[in-house]
Amino acid sequence: MSKIAVLTSGGDSPGMNAAVMSVARSAALLDMPLIGIKRGYNGLIGKFPNPKDNYVEMSMDQLLDIADLPGTYLRTARCPEFADKEYQQKAAQFLRELGVKGLVVIGGDGSLQGAQALCQQGIPCVGIPATIDNDLGYTEMTLGYDTAVNVCVDSIRAIRATSRSHDRPHVVEVMGRNCGDIALTAALSTGAEIVVVPEVQNWEIKDISRRLNNLIARGNTRATVVVAEGAWRTMAPFDHHSFLVKRGKVNVSFPEQRIDAINFARVLQQMAIDGVEVRATVVGYTQRGVQPTARDGAFAFEASAMAVNLLRHHISGQVVGVRSGRIFHMPMETALKMKPRFNRRMFNMVNAL
Ligand code: ADP
Ligand code: F6P
């Protein structure tokens, strides 16, 4: 049977190890030798002098215990050179020399673009969408998204308890790059009162402040404002630094800083009714570094089995995903052109108060 390879690329996402384990199980069942490429596309371009840092022969026994570990056993990386054709050709040559007849790429949008480039170099590839961001339009879920949302829900609930105790509104910043899905679903699940996402252009800090003050005036002194990290880029211009300097809240000589959750909370506090304290928490990398939920674990398992099966039947240039709740596959080229759809109805529901 043909030898295949697997790699993880881009930001690590919960469930990547379960996916690698499932690739190994399927390969073992079909007697297909398996190579693990290390550190994303860096391993394929032979970035490191010691070959052990670039790839490893893998057997199922070695991987028995990795399925429920957070992070990625194969390591991951960003490899900007890989957008360059010269490196794509180098990677294809490297795989041919290893006798690899097919590659499973586990990663987000950029990583799957890399897989498409390798297909164009004659390497049969199948992609598994793995990113906490959920920013791929062709699939209802990406691997790791469910876990990341659950981490945010746990954080918001814990923050809510202390916010309630002190009568303090709280800003919670979550990840998602240019996608507001983590923020939106976490806000909906926790009954947060305000959610701010990058899909809304030119949103105004004054508008958020007005809505927060209305909530406070109605007795909600522990309101939660969930902000997706990408939303800082789509905020209407507001000179928060001069505003805070004028109020004596930051030092004039303090270097100009971009708006972030802490400064945002400071501005909201200054615009709020006297005496109200507004605090901020950035959930950060805890969204990535935990064990996958059952939903992500099961998706990893099924998607990877499908990916190996496709390669075995010489069907390549495909991505696996979820449609109407079921695993499916479709051509990579079409899939990667599909834009993620923002759920405006859900957004309005959260922000209805
Ligand atoms: P993600 O896969 O999570 O979206 P990135 O966008 O950072 O993460 O992409 C991960 C890696 O995929 C990049 O560092 C690069 O190696 C590769 N990649 C991204 N875009 C392309 C592209 N257009 N062509 C080839 N490779 C790409
Ligand atoms: O793409 C996943 C992600 O966690 C994004 O949500 C976030 O913007 C980015 O990666 C952070 O990347 P890094 O690990 O390079 O800081």
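Order of listing sets the numbers, starting from 1, for every ligand and every atom in it. Atoms considered below: every heavy atom in the structure, side chains included; atoms not considered: hydrogens, waters and symmetry mates.
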Undergrad: What is the nearest protein non-hydrogen atom to atom 24 (N) of ligand 1, stated with its residue, atom name and distance?
TA: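 Ranking protein heavy atoms by distance from atom 24 (N) of ligand 1, first comes Ala83 CA, 3.8 Å.
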Undergrad: Report, in ascending order of atom number, the atoms of ligand 2 lying under 4.0 Å from any heavy atom of Glu229.
TA: 5 (C), 6 (O), 7 (C), 8 (O)
Undergrad: Which of the numbered atoms in ligand 1 are below 4.0 angstrom from a heavy atom of Gly108?
TA: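 Counting atoms of ligand 1 from 1, those under 4.0 Å from Gly108 are 1 (P), 2 (O), 3 (O), 4 (O).
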Undergrad: Any side-chain heavy atom of Ile208 within less than 4.5 Å of one from Val227?
TA: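 No, every pair of side-chain atoms sits at 4.5 Å or beyond.
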Undergrad: Is it the case that the side chains of Arg266 and Asn263 hold a donor-acceptor pair, with the cut-off being a distance below 3.5 Å and no angle test?
TA: yes
Undergrad: Under the side chain to side chain donor-acceptor pair (under 3.5 Å) criterion, do Asp296 and Thr147 qualify, and how do the steps go?
TA: CA-CA 7 Å; Asp296 275 330; Thr147 310; 2.5 Å; yes
Undergrad: What protein heavy atom is closest to atom 19 (C) of ligand 1, reported as residue, atom name and distance in Å?
TA: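 For atom 19 (C) of ligand 1, the nearest protein heavy atom is Gly110 O, 3.2 Å.
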Undergrad: Taking a hydrophobic cluster as the set of Ile, Leu, Val, Met, Phe, Trp and Tyr residues connected by side-chain heavy atoms closer than 4.5 Å, whether directly or through intermediates, do Ile128 and Leu63 fall within one such cluster?
TA: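 Yes, because Ile128 and Leu63 connect within a single hydrophobic cluster, where side-chain heavy atoms sit under 4.5 Å apart.
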Undergrad: Could you find the nearest protein heavy atom to atom 11 (C) of ligand 1 and give me its residue, atom name and distance?
TA: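 So the nearest neighbour among protein heavy atoms is Ser9 OG, 3.7 Å.
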Undergrad: Hey, which atoms in ligand 2 end up nearer than 4.0 Å to a heavy atom of Gly176?
TA: 6 (O)
Undergrad: What do you reckon, does Ala77 have a nitrogen or oxygen under 3.5 Å from a nitrogen or oxygen of ligand 1?
TA: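 Such a contact does not occur with ligand 1.
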Undergrad: Decide whether the shortest distance between a heavy atom of Gly108 and an atom of ligand 2 is less than 4.0 Å.
TA: no
Undergrad: Run the salt-bridge test on Arg341 and Glu199 with the 4.0 Å N-O cut-off and return the result as yes or no.
TA: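 Result for this pair is no, no salt bridge flagged.
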Undergrad: Ligand 1 and Gly10, any nitrogen or oxygen pair closer than 3.5 angstrom?
TA: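 For ligand 1, there is no N or O atom that lies under 3.5 Å from one belonging to Gly10.
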Undergrad: What is the nearest protein non-hydrogen atom to atom 22 (C) of ligand 1, stated with its residue, atom name and distance?
TA: Gln113 CB, 3.6 Å
Undergrad: Just wondering, do Ser163 and Thr224 contact through their side chains at under 4.5 Å, heavy atoms?
TA: no
Undergrad: Can you pull out the closest protein heavy atom to atom 26 (N) of ligand 1? Residue, atom name and distance to 0.1 Å, please.
TA: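 For atom 26 (N) of ligand 1, the nearest protein heavy atom comes out as Gly114 CA, 3.4 Å.
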Undergrad: Counting non-hydrogen protein atoms only, what is the nearest one to atom 15 (O) of ligand 2? Give residue, atom name and distance.
TA: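 In this structure, atom 15 (O) of ligand 2 has Arg78 NH1, 2.6 Å as its nearest protein heavy atom.
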Undergrad: Given side chains that start at C-beta, do those of Leu7 and Tyr55 come closer than 4.5 Å, heavy atoms only?
TA: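 No, every pair of side-chain atoms sits at 4.5 Å or beyond.
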Undergrad: Is Val226 reachable from Val200 through a run of hydrophobic residues whose side-chain heavy atoms are each under 4.5 Å from the next?
TA: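 Same hydrophobic cluster.
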Undergrad: Looking at ligand 1, does any of its N/O atoms fall within less than 3.5 Å of an N/O of Thr131?
TA: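 There is no such contact.
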Undergrad: What part of Tyr41 sits under 4.0 Å from ligand 1 if we count only heavy atoms: the side chain, the backbone, both or neither?
TA: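 For Tyr41, only side-chain atoms sit under 4.0 Å from ligand 1.
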Undergrad: Please state which option from Thr76, Asp133, Ile182 has its nearest heavy atom closest to atom 2 (C) of ligand 2.
TA: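 The nearest heavy atom belongs to Asp133.
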Undergrad: Once the angle between the rings of Trp203 and Phe264 is folded into 0 to 90°, is it parallel (under 30°), tilted (30 to 60°) or perpendicular (over 60°)?
TA: perpendicular
Undergrad: Identify, for atom 10 (O) of ligand 2, the protein heavy atom at the shortest distance, and state residue, atom and that distance.
TA: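 Answer, as residue, atom name and distance: Arg288 NH1, 3.1 Å.
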Undergrad: If the contact criterion is a heavy-atom separation under 4.0 Å, does Gln287 count as touching ligand 2?
TA: no
Undergrad: Would the distance check show the side chain of Gln121 and the main-chain N or O of Gln89 forming a donor-acceptor pair, the cut-off being under 3.5 Å?
TA: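 Not a single qualifying donor-acceptor pair exists.
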Undergrad: Taking side chain as C-beta onward, heavy atoms only, is Ile106 less than 4.5 Å from Leu74?
TA: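 Counting from C-beta outward, Ile106 and Leu74 never come under 4.5 Å.
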Undergrad: Can you report which non-hydrogen protein atom sits closest to atom 16 (O) of ligand 1, along with the distance?
TA: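 In this structure, atom 16 (O) of ligand 1 has Cys79 O, 2.7 Å as its nearest protein heavy atom.
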Undergrad: Is it true that a side-chain atom of Arg288 and a backbone atom of Ile132 form a donor plus acceptor pair closer than 3.5 Å?
TA: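 Judged by distance alone, no pair lies under 3.5 Å.
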Undergrad: Considering distance alone, does some N or O of Arg78 sit under 3.5 Å from an N or O of ligand 1?
TA: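 Yes.
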Undergrad: Could you state whether Val290 and Val174 fall into the same hydrophobic cluster, counting links through intermediate Ile, Leu, Val, Met, Phe, Trp or Tyr residues with side-chain heavy atoms under 4.5 angstrom apart?
TA: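 Yes, it is one cluster - the side chains of Val290 and Val174 are joined through contacts under 4.5 Å.
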Undergrad: Looking only at distances, can you tell me whether any N or O atom of Met175, backbone or side chain, sits closer than 3.5 Å to an N or O atom of ligand 2?
TA: no
Undergrad: My understanding is that only one of Arg222, Arg218, Arg211 makes a salt bridge (Lys or Arg N to Asp or Glu O under 4.0 Å) with Glu193; could you say which?
TA: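 When salt bridge (Lys or Arg N to Asp or Glu O under 4.0 Å) is applied between Glu193 and each of Arg222, Arg218, Arg211, only Arg222 qualifies.
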Undergrad: Side chain or backbone of Arg177 under 4.0 Å from ligand 1, or both, or neither, by non-hydrogen atoms?
TA: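 Only the side chain of Arg177 comes within reach of ligand 1.
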Undergrad: Students should be able to answer this: which protein heavy-atom is nearest to atom 10 (C) of ligand 1, and at what distance?
TA: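 Result: Ser111 OG, 3.6 Å.
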Undergrad: Suppose I only count heavy atoms of Tyr285 and a 4.0 Å limit; which atoms of ligand 2 are within that range?
TA: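 Reading through ligand 2 atom by atom, the close ones are 13 (P), 14 (O), 16 (O).
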